[in-house]
Amino acid sequence: MLGRPSDELNLTERDALVAHHAQRLQGLRTASYGLLLGGVETDEGERYRIGRIGLSDPDDGERLLIDWRAPVARPFYTATPLHRDGVRARRRISSTDRTVTAVYDEPLLVDVDDPNDLAGVASGDAALMAALDKPRTQHMGDIVGTIQREQDAIIRGPLAGTLVVQGGPGTGKTAVALQRAAFLLYEHRNRLAKSVVLIVGPNRRFLEYISQVLPSLGEDSAVLVTPSTLLPGVSATATEPALAAEFKGRLEIVDALKQAVRGFQVPNDGSRVLRPAGLKEMTLDGRLLHRVRTRGRSGGTPHNAARPKFETALLTEILRLEDAEHGASAMEDWERRADWAEDPAVQELFDELWPLLDPVEVVRDLFSEPDRLDAVLPSLDPALRAALLRSRDHGLTPADIPLVDELAELLGDDPRPAAAAATRARADRAVDLAYAQNVLDMVADADADEDHLAAPVSIVTAATLADRQAAGDGRTPAERAMADREWVYGHIIVDEAQETSPMLLRALIRRCPSRSMTLVGDANQYTATDSAFTWAGLLDPQVPRWSRTDLTVNYRTPGRIMRLATGVLRRIDPGVHEPTSARDGEHEPRVLRVPASELGAAAARAAVEALAESEGTVGVIGPLAMLGALQEVRAAEAGKASPSAADRLWVGTPDDAKGLEFDAVVVAVPPMPEPHAISSATWKRLYVALTRPTQRLTVVQAGDVIG
Ligand SMILES: Nc1ncnc2c1ncn2[C@@H]1O[C@H](COP(=O)(O)OP(=O)(O)OP(=O)(O)O)[C@@H](O)[C@H]1O
């Protein structure tokens with residue numbers, strides 16, 4: 001078969017089978033936690049049980065469980081007494097791991113004017129309330145049992161096009177975005193399992209926080225990155241002034257980068273003297289070099305890929321000079337070119353006049369060499385210029401990453417090894433694809449007798465298997481996507497999307513040119529600059545058509561706390577509409593005023609109290625300057641009575657806290673200027689901090705800006 005030695009074939013077949021079944025088993029195991037979500041009874045008396053995955057009886061093929069994403073499961077989420085969708089009763093089941101903890105029955109065929117009937121309907125809310133009141137852990141849970149109607153419409157929205165989901169804090173944007181990823185992977189499995197969904201979150205802690213959601217829904221064809229880790233092999237660990245970051249995020253920088261690359265192509269600084277081995281020296285004058293540069297640039301080939309074109313042009317000029325000096329040569333042109341190309345002096349000239357460039361190095365050069373920066377951005381404001389310039393060994397910042405990506409495009413690959421490798425890869429791929437199809441046919445035969453295990457994880461296709469085959473190391477499509485800068489994803493989800501700069505959006509569109517994207521975020525949580533954020537401002541220049549849906553119910557922050565938080569937001573926008581809290585909560589927020597010198601100690605005391613008050617998570621949110629002291633509380637707690645205390649305590653800045661939530665939150669507010677002098681980004685950071693709790697809030701402030 002396909003000319004492979006039979007031993008190798010058997011081994012690979014066995015590997016493919018083992019990998020396939022191991023993946024299926026893992027999916028079934030994961031789905032078995034909280035497997036049964038509930039069910040519906042239709043007007044015709046039919047009953048459907050809804051589950052995390054679909055299952056059929058192996059003996060008679062009867063459907064035992066319907067996958068929550070199947071169209072017939074939809075009324076489980078959307079039916080209400082007013083819009084029953086043919087359903088007369090619903091049952092929701094809550095469970096912890098494999099134990100059922102509560103059953104909520106909800107008749108929908110009711111007289112909505114009869115209070116007795118409505119009592120039954122309220123038990124649907126009880127399931128939601130129970131879910132909202134559950135203590136939080138370090139990992140976000142899925143909401144598959146209690147998705148609300150307005151959320152369901154977003155989750156099941158079409159794959160094509162760009163969808164913006166705008167919603168205030170706690171409206172479930174992250175939860176909905178992840179459920180949507182799981183839905184799309186189910187609905188468009190053939191396409192997305194291969195092409196993979198990219199999920200972009202604000203920071204590493206956030207990715208860790210959401211990391212369990214997709215696996216718990218049986219999905220693994222997703223890659224999770226932050227804007228700092230978007231590019232394989234490059235990561236941004238340094239920071240820079242907001243002024244510089246904002247400027248680098250503008251689309252205008254693309255022209256500057258193009259100019260910067262041109263700055264490396266045959267510098268316009270006079271003539272060069274070539275000293276070939278054993279021959280008379282030769283002067284390459286400015287006009288000649290100009291011609292060579294023009295030919296190298298012709299056709300708009302990326303810089304590195306254009307190097308052979310430049311070399312050919314330079315050699316043509318050298319031959320011409322040689323002919324002029326010594327008369328026409330008897331040797332063939334190609335022989336003479338080959339001879340010259342091997343001369344070390346010529347090679348040195350190639351490297352000097354058209355160096356092969358690395359995108360990271362170009363970024364380093366551009367922002368550490370004042371002359372280079374001035375050449376491409378001649379009339380920069382002095383403060384901005386100072387903010388952009390840094391030492392050459394300064395680390396990359398998140399705003400540099402889209403620039404590195406842009407430069408990678410402008411530079412192209414090193415042409416020499418790549419050309420040969422690409423041809424080889426194409427030939428190998430054809431063989432691997434045919435081979436993988438054979439293995440799959442065999443797996444399908446082996447599966448015929450266990451059809452009931454409707455695969456909860458990605459179905460292995462010939463291309464997928466071929467991909468792993470070609471990679472030679474059993475990597476999944478997600479792993480391959482993560483390692484490939486040029487991977488084109490099937491769909492992109494961006495969380496905290498209000499922080500996306502135009503340049504980052506450009507880099508993301510490059511990874512999904514069809515613009516099949518879901519962007520979730522909140523304009524009121526935009527903190528990168530003091531300007532107001534609008535979705536149209538971000539999207540219109542790069543996404544011709546996009547639609548927007550708003551989420552309006554806050555499932556996290558109790559009403560009592562939300563009122564305090566909204567007061568803060570009204571300082572910058574008196575007409576702002578805050579989301580309505582799903583519950584009012586039981587604990588009034590506490591606001592304590594302390595001398596500035598005692599702020600750290602007071603926040604630490606409040607954190608210890610909060611840890612004692614509940615079993616849940618506690619977040620301490622404060623300014624960067626205070627974090628060291630607060631981290632010490634965290635360390636001290638590790639040694640105290642409750643073994644879980646240190647694990648339950650998190651400490652960070654408002655920016656770190658974006659997207660996260662805690663059962664209890666302590667916000668430390670340092671001394672502030674008069675309210676009118678506080679920047680809008682600072683007010684928004686306070687708003688982010690105050691909206692993180694699910695139960696309790698303590699504000700410890702050195703002034704009186706809160707309350
Ligand atoms: N339908 C639901 N059922 C149960 N819990 C829900 C539901 N919708 C949202 N939640 C919960 O509400 C909390 C807030 O959700 P999420 O973090 O997704 O909000 P967000 O809009 O992303 O907030 P922020 O903008 O503040 O980051 C989470 O604990 C989430 O699980």
Side-chain angles (χ1 to χ4, degrees), residues 202-203 226-228 230-231 234-264 267-269 357-408 410-411 498-507 526-533 537-538 541 623-628 653-656 670-673 676-685:
N203 54 53
T226 70
S228 299
L230 181 65
L231 303 187
V234 182
S235 79
T237 48
T239 56
E240 67 191 326
L243 185 66
E246 189 275 330
F247 181 76
K248 288 177 179 175
R250 296 191 207 162
L251 292 178
E252 291 90 300
I253 198 88
V254 173
D255 275 340
L257 296 177
K258 284 184 184 157
Q259 285 300 325
V261 171
R262 288 166 83 88
F264 287 95
N268 208 357
D269 56 0
L357 296 173
D358 173 81
V360 171
E361 297 308 316
V362 174
V363 167
R364 286 192 201 286
D365 288 348
L366 181 61
F367 295 114
S368 64
E369 296 174 18
D371 290 348
R372 221 177 260 290
L373 187 67
D374 293 340
V376 300
L377 292 163
S379 43
L380 279 182
D381 169 76
L384 176 58
R385 184 176 179 277
L388 287 170
L389 281 171
R390 60 194 188 195
S391 70
R392 198 169 193 292
D393 55 6
H394 191 279
L396 291 178
T397 66
D400 287 330
I401 295 295
L403 310 196
V404 172
D405 194 51
E406 189 74 33
L407 281 163
L410 292 172
L411 297 175
Q498 76 279 356
E499 302 299 340
T500 307
S501 70
M503 279 302 287
L504 176 59
L505 180 62
R506 184 176 162 95
Y526 169 74
T527 55
T529 71
D530 276 332
S531 319
F533 171 88
L538 172 65
L624 200 56
M626 257 178 64
L627 293 190
T653 65
D655 286 323
D656 300 332
M672 295 262 180
H676 68 267
I678 297 176
S679 72
S680 71
T682 301
W683 283 123
K684 287 182 189 167
R685 287 198 173 91

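Worth saying up front: this structure is predicted, and the values here are computed from it rather than measured. Just the heavy atoms: all of them, side chains too, but no hydrogens, waters or symmetry mates, feed the values below.
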>> Using every non-hydrogen atom in the two residues, find where G249 and P502 come nearest and quote the distance to one decimal.
In response: O-CD, 3.2 Å
> CG/L243 to OG1/T529 distance, rounded to the nearest 0.5 angstrom?
Replying inline: 10.5 Å
> In Å, rounded to the nearest 0.5 Å, how long is the span from CD of E252 to CG of L257?
Replying inline: 11.5 Å
>> Between T397 and E240, is the side-chain hydrogen bond (donor to acceptor under 3.5 Å, both in side chains) condition met? List the steps.
In response: CA-CA 7 Å; T397 66; E240 67 191 326; 2.6 Å; yes
> Yes or no on side-chain contact (heavy atoms from CB on, under 4.5 Å) for M503 and V254, after CA distance, side-chain angles and deciding distance?
Replying inline: CA-CA 8 Å; M503 279 302 287; V254 173; 3.7 Å; yes
> Any side-chain heavy-atom pair from M672 and T682 closer than 4.5 angstrom?
Replying inline: yes
> Quick one: do D405 and R506 make a salt bridge, cutoff under 4.0 Å?
Replying inline: no
> Could you state the interatomic distance from CG (L366) to CZ (R372), rounded to the nearest 0.5 Å?
Replying inline: 8.0 Å
> With the threshold set at 4.0 Å, does a side-chain nitrogen-carboxylate oxygen contact exist between R390 and D400?
Replying inline: yes
> What is the distance from atom NZ of K258 to atom CG of L410, rounded to the nearest 0.5 Å?
Replying inline: 6.5 Å
> How many angstroms lie between CD1 in I401 and OG in S501, if you round to the nearest 0.5 Å?
Replying inline: 11.5 Å
> Is any side-chain heavy atom of R385 closer than 4.5 Å to a side-chain heavy atom of P370?
Replying inline: yes
>> Tell me whether D530 contacts the main-chain N or O of A681 through its side chain, where contact means a donor paired with an acceptor under 3.5 Å.
In response: yes
>> Can you confirm if the NZ or CZ of R392 lies within 45° of the ring axis of F367 and under 6.0 Å from the centre of its six-membered ring?
In response: no
> Which atom pair, heavy atoms only, marks the closest approach of P398 to A236?
Replying inline: N-CB, 3.4 Å
>> I need the minimum non-hydrogen distance between L396 and S235, along with the two atoms involved.
In response: CB-O, 4.2 Å
> Going through the distances and angles, do L380 and D374 end up as a side-chain contact (heavy atoms from CB on, under 4.5 Å)?
Replying inline: CA-CA 8 Å; L380 279 182; D374 293 340; 5.7 Å; no
> Any side-chain heavy atom of Y526 within less than 4.5 Å of one from L538?
Replying inline: no
> Shortest non-hydrogen contact from T226 to N203?
Replying inline: CG2-C, 3.4 Å
> So how far is it from S368 OG to L389 CG, rounded to the nearest 0.5 Å?
Replying inline: 8.0 Å
>> When you measure from the side chain of D656 to the backbone of T653, do you find a donor-acceptor pair of N or O atoms at a distance under 3.5 Å?
In response: yes
> Are K248 and E406 ion-paired here, with the side-chain N under 4.0 Å from a carboxylate O?
Replying inline: no
> Less than 4.5 Å apart, any side-chain heavy atom of L407 and any of D358?
Replying inline: no
> Is D393 salt-bridged to R364, going by a charged N under 4.0 Å from an acidic O?
Replying inline: no
> What pair of heavy atoms forms the shortest contact from A387 to A244, and how long is it?
Replying inline: O-CB, 3.7 Å
> Of all heavy-atom pairs between V404 and V360, which one has the smallest distance, and what is that distance?
Replying inline: CG1-CG2, 3.9 Å
